[in-house]
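Just passing along the structure, written as structure tokens.
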Amino acid sequence: MRTRRGLCYPRVMNMCVENNNRVVKRRKVEPAGDQAGCRKRFKTSPEIPGGCDFFDALPDDLVLCILRKLSFTASSPADFVSVLITCKRLNGLGVNSLVLSRASQKMLAVKAKNWSESAHRFLKLCADSGNVEACYTLGMIRFYCLQNRGSGASLMAKAAISSHASALYSLAVIQFNGSGGSKNDKDLRAGVALCARAAFLGHVDALRELGHCLQDGYGVKQNIAEGRRFLVQANARELAIVLAANPSAIVPRSWLTCNPHRQPGGTGCPLLSDFGCNVPAPEAHPANRFLSDWFSGRTEAVTGTDLRLCSHSGCGRPETRRHEFRRCSVCGAVNYCSRACQALDWKLRHKAECAPVERWADEDVENEGNNGDDMQHDGDEDVNGDEIMEES
């Protein structure tokens, strides 16, 4: 019988050796066929002393199938990298396009503190293999962190073509703000269309953004009733996601109890508390966590150029030009890239911190050349928490 490399399996012979009047059986390996005159020794497996390496006998297709499953179920990049560094064969097969195309969101969750050229090349390799999650993550990093606007936008567009909901919503935010260009590059109708597509795919923030656009008539004909319906539907979807991730048998009773005096900064979801629920806040996407960590450790990269970050902690997006984001017209202390981020941060934190102050000292400077349009943000269903967001 021949191996995958075309070699014959060695023949094993039992030899009896007398040792102190005892008969001891030993196994002798004889080369077969053309291997008799070869000086090269067989590789031995540590688990099977004296035997051949059965891992090398496994076909490549089987190893690729195992690695593909591992890349899809890995909970962190370290889980996958630790396998690749085991041997040359795994290192070579691990970067196969069949394996990288199935890489999960958690496996591609590179941390900002660990960012390097090798991490960049790995994400690029995954994106070239057709992994839409890698296209979106690398697109966000290039567009906002590395300031490579064209390449980042094209990667996000590639993911959006494959119906990646987060990529569609990110492109909508770019269209709403004219990110990477001037104020005249805004395309509100395109932003609304992208939001509608992302909302259809189940993106909660996109549905919330679309509801606010309909309420305010921002990029679309105003329809207050329809906008309110979308906002309520966004809360219902958020609750459904949480309950799907946590079976009803182990759902704490505290999640379903009303908490009208919830303290800011708590662990409950700020929007669902309006409907008598207090559930954990949804986890931010790894790309947004990367942006938050990247700019929190590089504050001078933003403040040195008078650019501001979105005040919602789960966003991490920075301005690409001065006065791109809108700020609260009541206190002027917070800035938001979108209405969805404003609604989330209002209920989560800013509602308890916002206090009326005198008009900002630099109002004339910051509003120079702008139309000063005001937008109504009502914090979803909280009618007493209305907040005006002014375009700076």
Side-chain angles (χ1 to χ4, degrees), residues 72 101-109 123 126-127 129-141 143-144 152-177 179 187-215 218-220 223 226-246 269 271-272 279-291 310 312 314-317 337-344 380:
F72 182 72
S101 62
R102 290 281 291 171
S104 63
Q105 182 183 108
K106 293 182 179 179
M107 202 205 87
L108 300 172
L123 285 178
C126 292
S129 300
N131 191 303
V132 294
E133 196 65 45
C135 290
Y136 171 64
T137 302
L138 184 58
M140 290 282 285
I141 293 173
F143 189 89
Y144 289 106
S154 63
L155 283 172
M156 284 188 279
K158 182 179 178 180
I161 292 173
S162 300
S163 298
H164 191 278
S166 298
L168 286 164
Y169 176 67
S170 294
L171 290 175
V173 173
I174 291 174
Q175 294 294 331
F176 282 135
N177 297 321
S179 300
D187 193 340
L188 305 185
R189 295 183 63 182
V192 171
L194 290 167
C195 267
R197 177 60 180 168
F200 174 78
L201 295 173
H203 198 278
V204 178
D205 288 342
L207 183 59
R208 186 172 292 119
E209 184 80 15
L210 185 61
H212 284 295
C213 289
L214 285 169
Q215 276 191 316
Y218 190 72
V220 67
N223 191 333
E226 192 71 8
R228 287 279 176 173
R229 187 177 70 84
F230 282 162
L231 294 177
V232 174
Q233 188 177 353
N235 283 268
R237 283 192 186 181
E238 198 166 33
L239 178 59
I241 292 173
V242 173
L243 294 180
N246 299 271
C269 178
L271 295 175
L272 290 174
V279 300
E283 185 179 3
H285 191 280
N288 295 102
R289 292 201 303 269
F290 185 96
L291 296 183
C310 180
H312 176 42
C315 178
R317 290 181 177 87
C337 67
S338 64
R339 290 163 167 77
C341 283
Q342 182 273 329
L344 286 166
D380 281 358

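The shown structure was predicted, so the numbers you read here are calculated from the model rather than taken from an experiment. For the single chain, residues carry numbers from 1 onward in sequence order.
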When you compare the side chain of Tyr169 with that of Ser338, does any pair of heavy atoms fall below 4.5 Å?
yes
Name all residues meeting the ring-ring contact (aromatic ring centres under 6.0 Å, His included) criterion together with Tyr136; count only those two or more places apart in sequence or in a different chain, and write none if there are none.
His164, His285
According to side chain to side chain contact (heavy atoms under 4.5 Å, CB included), who are the partners of Ala103, at least two apart in sequence or on a separate chain?
Met107, Leu108, Asn131
What do the steps show when you test His203 against Ser166 for side chain to side chain contact (heavy atoms under 4.5 Å, CB included), and what is the final call?
CA-CA 7 Å; His203 198 278; Ser166 298; 3.7 Å; yes
Side chain proximity check, Leu194 to Ile174, heavy atoms < 4.5 angstrom:
no
Kindly give the heavy-atom pair with the smallest separation between Val204 and Ala234, and that separation in Å.
CG1-O, 3.6 Å
Here the pair of heavy atoms bringing Gly191 nearest to Phe176 is C-CZ, 3.4 Å
I'd like to know whether Asn288 forms a side chain to side chain contact (heavy atoms under 4.5 Å, CB included) with Arg317, so could you lay out the CA-CA distance, the side-chain angles of the two residues, the decisive distance to 0.1 Å, and finally the verdict.
CA-CA 8 Å; Asn288 295 102; Arg317 290 181 177 87; 3.9 Å; yes
Spatial distance of atom CG (Leu231) from atom CZ (Arg228) [nearest 0.5 Å]
7.0 Å
So do Cys337 and Cys315 actually touch side chain to side chain, heavy atoms under 4.5 Å?
yes
Indicate the atoms forming the closest heavy-atom contact of Ala127 with Leu155, along with that distance.
CB-CD2, 4.4 Å
What verdict does the side chain to side chain contact (heavy atoms under 4.5 Å, CB included) test give for Phe143 and Ser179, after you've listed the backbone C-alpha separation in whole Å, the side-chain angles of each residue and the deciding distance to 0.1 Å?
CA-CA 9 Å; Phe143 189 89; Ser179 300; 4.0 Å; yes
Do any pairs count as a side chain to side chain donor-acceptor pair (under 3.5 Å) and have a residue in residues 187-200, sequence neighbours left out, and if so which ones?
Ser163-Arg197
Who pairs with Phe230 by ring-ring contact (aromatic ring centres under 6.0 Å, His included), at least two apart in sequence or on another chain?
none
Starting at CG of Asn235, measure out to CG of Leu207 and round the result to the nearest 0.5 Å.
9.5 Å
Rounded to the nearest 0.5 Å, what separates atom CG in Asp205 from atom CD in Glu238?
7.5 Å
For Ser101 versus Ser129, what's the shortest heavy-atom pair and its separation?
CB-O, 3.5 Å
Considering residues at least two apart in sequence or located in another chain, which fulfil the side chain to side chain contact (heavy atoms under 4.5 Å, CB included) criterion with Ala109?
Pro286, Arg289
Nearest atoms (heavy-atom pairs only) where Ala165 meets Ala198:
O-CB, 3.6 Å
Look up atom SG in Cys310 and atom CD in Gln342, then write down how far apart they are to the nearest 0.5 Å.
10.0 Å
Kindly indicate whether the side chain of Leu188, heavy atoms from C-beta on, has any atom under 4.5 Å from the side chain of Gln175.
no
For Lys106, I'd like to know if atom NZ has over 12 heavy atoms of other residues, nucleotides or ligands within 6.0 Å.
no
Can you list the residues that meet the side chain to side chain contact (heavy atoms under 4.5 Å, CB included) rule with Ala193, with sequence neighbours excluded?
none
Minimum heavy-atom separation for Ala159 and Ala167, please, with both atom names.
CB-CB, 3.8 Å
What I'd like to find out is whether the side chain of Glu209 reaches to under 4.5 Å of the side chain of His212, using heavy atoms alone.
no
